[in-house]
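This structure is a prediction, so every number in the text was calculated from the model and none was measured. Below, chain A is the first sequence line, B the second, and so on; all start at residue 1.
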Amino acid sequence: MNLRAVKGMKDILPDEISKWHRLESAFRQRVEGYGFREARFPIVEPTALFVRSIGETTDIVEKEMYTFTDRGDKSLTLRPEGTASSVRAFVQHSVQAREPVTKWYYVGPMYRRERPAKGRYRQFYQAGIEVFGDPGPFIDAEVIDMVVGVISTLGITEVEVLVNSIGGPEARENYRVALLAYLAPYRAELCADCQRRVDANPLRVLDCKVPRCAEIAADAPSILKHLTDDDRAHFDGLQETLTILGTPYRVDGSLVRGLDYYTRTLFEVLGKGEGLGAQNALLGGGRYDQMVKSFGGPDTPAIGFAMGLERLLMAMPESEPDSHVDVFIVAAQAGVRGEATLLGRELRDAGLRVESDLRGGSLKSQLRRADKINTRIAMILGEEEVEEGVVQLKDLQNKTQDKVPRAEAAQRVHALLSE
RNA sequence: GUGGGUGUAGCUCAGUGGUAGAGCACUGGAUUGUGGCUCCGGGUGUCGCGGGUUCAAUUCCCGUCACUCACCCCA
C-alpha cells in the first residue's frame, strides 16, 4: 500500500470517535450555556487575511502555511487558525449592525505545515470562541472561567491558568522602546532567532526557550510596568473578577503568544498531566481590540480563544466502553432472516439503535457478535417465535431471558435501558 | 528546520546468515436454537523499499522512504 494519508494528517476511526464526540459535545454544551452560537467558516481563505491578522513576521505566516495559487492568480491558504476568518466574516456581514455583542463558537480543522510531533499534526482540530463588542474586563474573566469549566467537565484536573496583559498600542510602543534599550547590551548573547526577533518583534524574545535567552528575558523590564492607566485598570478588573469567580490563575509576565494581533488580556491553559510531552499548551487566547477596525470594520473590541482538540483528548481520562447499539437481533434459522430484518426496522422506528448480522451464521456466532460489541440486549427470533408473535428478549448483562410479545418488545427494551 | 529512535501478521511485539513466531484480534468447533470463561482447530506475511557483502540476507553494511520522540513553534 503506497497510498497513505499525507504526512501529519490522521484518520480518526470509529473506535476513537466517541472520545471526540464527548469532547465536542462538552464544549458545545458549556459555551452554549453562555450564549455562544456556532458559526462555520471556509477552510480556504485569501492568503492576505492571515498575513495581515496573524502578522508577517510570525512563524505561522513565515513558514507554516499551506498556501497555493488557485487556477488563475489568486493566492489562497488553508486556514491555520480560526480568529482571522471570524473577524473577516464579522466585518463582511456587518454583524455589529444587528446586535451589540456577538458571541460565536466554531469547531473544525486547521492546517499548519510543521514537523509533526506528539500532539501536533499538520491537520489538527480546534474549538474556539470569539466575543465581539464587549471591551471587558468582566467578559475576559468570564471567558477564562468558562474554559476552565470546559476543561474540568472533560475530567482534566491537572492544569494551570496563566494570564498576562500586554496593554494597548500605546503601552506596547512604550514597552518596545524600553525592551529594546534593555536588550541592546545583550544582543550578541541572544540566539540567532532572537537576534532577528529584536528587530522584527522584540516581545517574542521573552518567549524564547533557549537557556541564555530565558535568563536574559527573566530580568527584562515587565510590560506590566508600562501599561497605561486604562490598561492597568482593565487588568486589575480582570484579576478581581477572577478572584470573585474563584478561578485559580497565575500572572505570567513572559506570556506573549506567537500571534501579533493580541492586545491587553492574554491567557493560556497548560496541561500538567503525564503524556502530553512538550505540546502542553491546551488552549490559548486573548483580546484583539484592533483587528476588526484594521479589517475595515467599526472600532470593535474582541476577545477569543482556541483549544487544541488532540491535546485535550490526550489529557482526558479514558471513557467507559459502551456500545454503539442497544439491541442485536439474532435469527435462529436462516428462514427467518427476512422477518428478523423487519423486526429490526420496527425497533428502529421505536427509537432504538439496532444491529444484526444479516449474513446469518450460527446462533452461537451471532450471540458472540452481540457480546463482542457490548450490546446490552439480544433479541432472538426463530420459527417458533415468529409463529407465536413473540421474541426472546435476552439481557446479556443480567443474564436473563424473557419471552415477550413482539408488539411490546421495543417498550420493554426502553424500560431495561433506562433502569 | 536540527537531533535521536524504530520499521517483521489487522494490532502489540519476539526471533534467526539458510525465506519466520507468540499474544491479541478474526474465524470454525466442543451433539439437536443461547454470549462472556475454558479447551481444540484455522487463515494471515513481497520480515518498509533500493543497493552492497555472501554459496545464501528478514538477519551484516550503505542509502532511501515512512513512522515516532525531543528541540523549536504553537492549540
Original post:
Side chains of Asp326(A) and Arg376(A): does their closest heavy-atom pair fall under 4.5 Å?
Top reply: no

Subject >> Pairs involving residues 9-19 of chain A, ordered by first then second residue, that meet side chain to side chain donor-acceptor pair (under 3.5 Å) (sequence neighbours left out) >> reply: Lys19(A)-Glu318(A)

Between protein and nucleotides 24-30 of chain B, what N or O pairs are separated by less than 3.5 Å?
{"from": "C26(B)", "atom 1": "OP2", "to": "Lys372(A)", "atom 2": "NZ", "distance (Å)": "3.2"}

Original post:
Distance between the C1' atoms of U34(B) and G48(B), in whole angstroms?
Top reply: 46 Å

Original post:
Hey, where does RNA chain B pair up into stems, meaning at least three consecutive Watson-Crick or G-U pairs with distances under 3.5 Å?
Top reply: B:1-7 with B:65-71, B:10-13 with B:21-24, B:26-30 with B:38-42, B:48-52 with B:60-64

**OP:** For Glu45(A) and Ser85(A), run side chain to side chain donor-acceptor pair (under 3.5 Å): C-alpha distance rounded to whole Å, both residues' side-chain angles, the deciding distance at 0.1 Å, then the answer.
**Re:** CA-CA 8 Å; Glu45(A) 293 277 7; Ser85(A) 300; 2.9 Å; yes

Original post:
For His414(A), what residues pass the side chain to side chain contact (heavy atoms under 4.5 Å, CB included) criterion, not counting sequence neighbours?
Top reply: Leu352(A)

**OP:** Record whether the side chain of Gln401(A) comes under 3.5 Å of the base of U34(B) through a donor-acceptor pair of N or O atoms.
**Re:** yes

Original post:
Between Leu381(A) and Tyr125(A), which is nearer to the 5' end of RNA chain B once each is assigned its nearest nucleotide?
Top reply: Leu381(A)

Subject >> Same-atom distance (C1') from U44(B) to G52(B), integer angstrom >> reply: 32 Å

**OP:** Decide yes or no, distance alone: a donor-acceptor N/O pair under 3.5 angstrom between the base of C69(B) and the side-chain of Arg120(A).
**Re:** no

Under 3.5 Å, which N/O atoms of the protein pair with N/O atoms of nucleotides 65-68 of chain B?
{"from": "C67(B)", "atom 1": "OP2", "to": "Lys7(A)", "atom 2": "NZ", "distance (Å)": "3.1"}
{"from": "U68(B)", "atom 1": "OP1", "to": "Lys10(A)", "atom 2": "NZ", "distance (Å)": "2.8"}

Original post:
Nearest of G35(B), C73(B), G33(B) to any side-chain atom of Ala332(A)?
Top reply: G33(B)

Original post:
Less than 6.0 Å separating the ring centroids of Phe27(A) and Tyr105(A)?
Top reply: yes

Original post:
Mind checking what makes ring pair (Phe, Tyr, Trp, His ring centres under 6.0 Å) contact with Phe328(A), not counting sequence neighbours?
Top reply: none

Subject >> Which residues share a side chain to side chain contact (heavy atoms under 4.5 Å, CB included) with Ala340(A), sequence neighbours left out >> reply: Ile329(A), Ala331(A), Leu381(A)

Subject >> Distance between P atoms of U38(B) and A66(B) (Å, rounded) >> reply: 43 Å

**OP:** For residues Val107(A) and Arg28(A), determine if any side-chain heavy atom of one lies less than 4.5 Å from a side-chain heavy atom of the other.
**Re:** yes

Subject >> Neighbours of RNA chain B within residues 25-49 of chain A, by heavy-atom distance under 4.0 Å >> reply: none

Subject >> Value in whole Å for how far the P atom of G33(B) lies from CD of Glu339(A) >> reply: 20 Å

**OP:** Could you tell me whether the side chain of Pro116(A) reaches within less than 4.5 Å of the side chain of Arg122(A), counting heavy atoms only?
**Re:** yes

**OP:** Pick the P atom in U31(B) and in C26(B), then give their distance to the nearest Å.
**Re:** 22 Å

Original post:
How is Ala370(A) classified with respect to the nucleic acid when contacts are heavy atoms under 4.0 Å: base, sugar-phosphate, or nothing?
Top reply: nothing

Original post:
Would a distance-only check, ignoring hydrogens and angles, find a side-chain to backbone donor-acceptor pair under 3.5 Å from Asp231(A) to Gly168(A)?
Top reply: yes

Subject >> Proximity to RNA chain B (any heavy atom under 4.0 Å), residues of residues 384-396 of chain A only >> reply: Glu384(A), Glu385(A), Gln392(A), Lys394(A), Leu396(A)

**OP:** Mind checking Gln333(A) for me? I need base, sugar-phosphate or nothing, with any heavy atom below 4.0 Å counting as a touch.
**Re:** base

Subject >> side chain to side chain donor-acceptor pair (under 3.5 Å) contacts in which one or both residues fall within residues 281-293 of chain A, not counting sequence neighbours >> reply: Glu130(A)-Tyr288(A), Asp140(A)-Arg287(A), Arg287(A)-Asp289(A)

Subject >> side chain to side chain donor-acceptor pair (under 3.5 Å) involving Thr243(A) - partner list, sequence neighbours excluded >> reply: none

Subject >> Any Glu385(A) side-chain heavy atom under 4.5 Å of Val336(A) side chain >> reply: no

Original post:
According to the side chain to side chain donor-acceptor pair (under 3.5 Å) rule, which pairs have a member within residues 328-339 of chain A, sequence neighbours left out?
Top reply: Glu339(A)-Arg406(A)

**OP:** Fit a plane to each ring of Phe90(A) and Phe132(A), take the angle between them on a 0 to 90° scale, and name the class: parallel (under 30°), tilted (30 to 60°) or perpendicular (over 60°).
**Re:** parallel

Original post:
Can a donor-acceptor pair be found between the side chains of Tyr125(A) and Gln123(A) at a distance below 3.5 Å?
Top reply: yes

Original post:
Below 4.5 Å, heavy atoms only, C-beta onward: do Asn374(A) and Leu396(A) meet side chain to side chain?
Top reply: no

Original post:
Between atom NZ in Lys63(A) and atom C1' in G1(B), what is the gap in whole Å?
Top reply: 7 Å

Original post:
Expressed as a whole number of Å, how far does the P atom of C72(B) sit from that of C13(B)?
Top reply: 27 Å

